[in-house]
Amino acid sequence: MRPFPPVRGRNLRALGENVGGVPGELSSATVPILDVETSHGRARAHLHVVDDPRGVLILGHGAGGGVAAPDLVAVTGAALSAAISVALVEQPYRVGGRRSPPPARQLDVAWTQVVDRIRQDELAGLPLVAGGRSSGARVACRTAESVGAIAVLCLAFPLQPPRRADAAAAASRLSELELVRVPTLVVQGERDPFGIPPPAPLRAVARVRSDHSLKGDLPAVAAAARAWLVDVLG
């Protein structure tokens, strides 16, 4: 692992963020990277660590995207501003340069192994919020119990793939959300072609003016995530 320098939780400019709630770009020059050998290849965790964190947020990326997705960057900045450490996890297939994800069981195994490794040393003993965007949110839901998450944050949960012409409607993924037995926040674009999950007793849904990318209103995405994270982590 690369050297692991301490990073001040409130010093957002050191991480490339814009103070005042406007999302910016996270500077990779200041972010330690942890390579983790999993059963399905090498994964990578980008560690954004604050002093005296109240908890840790571990986020996964979408199916064909990466950890630099605008909504992931915005939520990372929001969490850091609330004294919450963040790990952004790249699945082995993306580290290997592939865009098409492997079967769900492989994603889940690799994710679980990375989370376990991060919590052994770097972020040990902290309350864990698991999450991700799109495909990464599905992984976080399916594995929430096994990794010991106290809450789950879903960005652009892909509820039901848009129906193709002359094809039967795809199955809903609502059952994956309903697997989660801890507080859950879904941040969803009002124009998301995958639809909008319904709220439930343990599941809040925040709608923002955007599509599946959530790029249409990143400040709203960051604000919703920050308020909920502060609430669940105390």
Side-chain angles (χ1 to χ4, degrees), residues 7 11-31 33 43-50 56-82 84-91 93-95 97-101 107 111 129-141 152-159 161-162 184-197 204-230:
V7 180
N11 185 13
L12 299 188
R13 292 192 188 280
L15 289 170
E17 286 294 302
N18 296 318
V19 175
V22 180
E25 293 183 357
L26 296 175
S27 171
S28 60
T30 62
V31 179
I33 294 175
R44 184 167 292 150
H46 301 252
L47 305 174
H48 301 260
V49 181
V50 300
V56 57
L57 172 64
I58 304 183
L59 295 170
H61 53 73
V67 296
D71 56 346
L72 292 177
V73 172
V75 170
T76 296
L80 295 174
S81 76
I84 300 165
S85 291
V86 181
L88 298 171
V89 175
E90 290 183 84
Q91 285 273 358
Y93 76 96
R94 293 297 290 137
V95 174
R98 299 183 298 278
R99 292 188 63 85
S100 297
L107 295 173
W111 168 262
V129 178
R133 75 157 275 107
S134 197
S135 172
R138 296 180 65 194
V139 173
C141 288
V152 175
L153 174 59
C154 298
L155 304 174
F157 186 88
L159 181 63
T184 303
L185 174 65
V186 180
V187 183
Q188 203 82 354
E190 292 178 341
R191 304 187 306 278
D192 194 325
F194 287 86
I196 300 175
V205 178
R207 300 188 182 202
V208 299
R209 292 174 296 181
S210 189
D211 54 18
H212 190 65
S213 72
L214 296 181
K215 293 189 293 186
D217 197 347
L218 290 174
V221 172
R226 188 185 193 282
W228 178 81
L229 287 167
V230 169

Give a yes or no on whether the backbone of [Y] and the side-chain of [X] come within a donor-acceptor separation of less than 3.5 Å.
X      : Y      : result
Tyr93  : Ala63  : yes
Arg207 : Glu190 : no
Gln188 : Gly195 : yes

Could you state the interatomic distance from [atom1] ([X]) to [atom2] ([Y]), rounded to the nearest 0.5 Å?
X      : Y      : atom1 : atom2 : result
Leu72  : Leu59  : CG    : CG    : 6.0 Å
Arg133 : Leu153 : CZ    : CG    : 11.5 Å
Ser134 : His61  : OG    : NE2   : 11.0 Å

[X] and [Y]: which non-hydrogen atoms are nearest, and at how many Å?
X      : Y      : result
Ala140 : Ala130 : CB-C, 4.1 Å
Val205 : Pro197 : CG2-O, 3.5 Å
Pro158 : Arg138 : CG-CD, 3.6 Å
Val73  : Ala68  : CG2-O, 3.7 Å
Ala82  : Val230 : CB-CG2, 3.8 Å
Arg226 : Ser81  : NE-OG, 2.8 Å

The criterion is side chain to side chain donor-acceptor pair (under 3.5 Å); which residues satisfy it with Ser85, sequence neighbours excluded?
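Residues passing side chain to side chain donor-acceptor pair (under 3.5 Å) with Ser85: none at all.
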Residue pair Arg44, Gln91: steps toward the side-chain contact (heavy atoms from CB on, under 4.5 Å) verdict
CA-CA 7 Å; Arg44 184 167 292 150; Gln91 285 273 358; over 6 Å; no
Parallel, tilted or perpendicular, as decided by the 30° and 60° cut-offs, for the rings of Phe194 and His212:
tilted
Apply salt bridge (Lys or Arg N to Asp or Glu O under 4.0 Å) to Arg209 and list each qualifying residue two or more places apart in sequence or on a separate chain.
Asp217
Taking the side chain as everything from C-beta on, heavy atoms only, tell me whether [X] gets closer than 4.5 Å to [Y].
X      : Y      : value
Thr184 : Phe157 : no
Val67  : Val89  : no
Cys141 : Cys154 : yes
Leu159 : Val186 : no

Test applied, side chain to side chain contact (heavy atoms under 4.5 Å, CB included); reference residue, Val208; option that passes from Leu214, Asp192, Asp71:
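Checked Leu214, Asp192, Asp71 against Val208; only one passes side chain to side chain contact (heavy atoms under 4.5 Å, CB included): Leu214.
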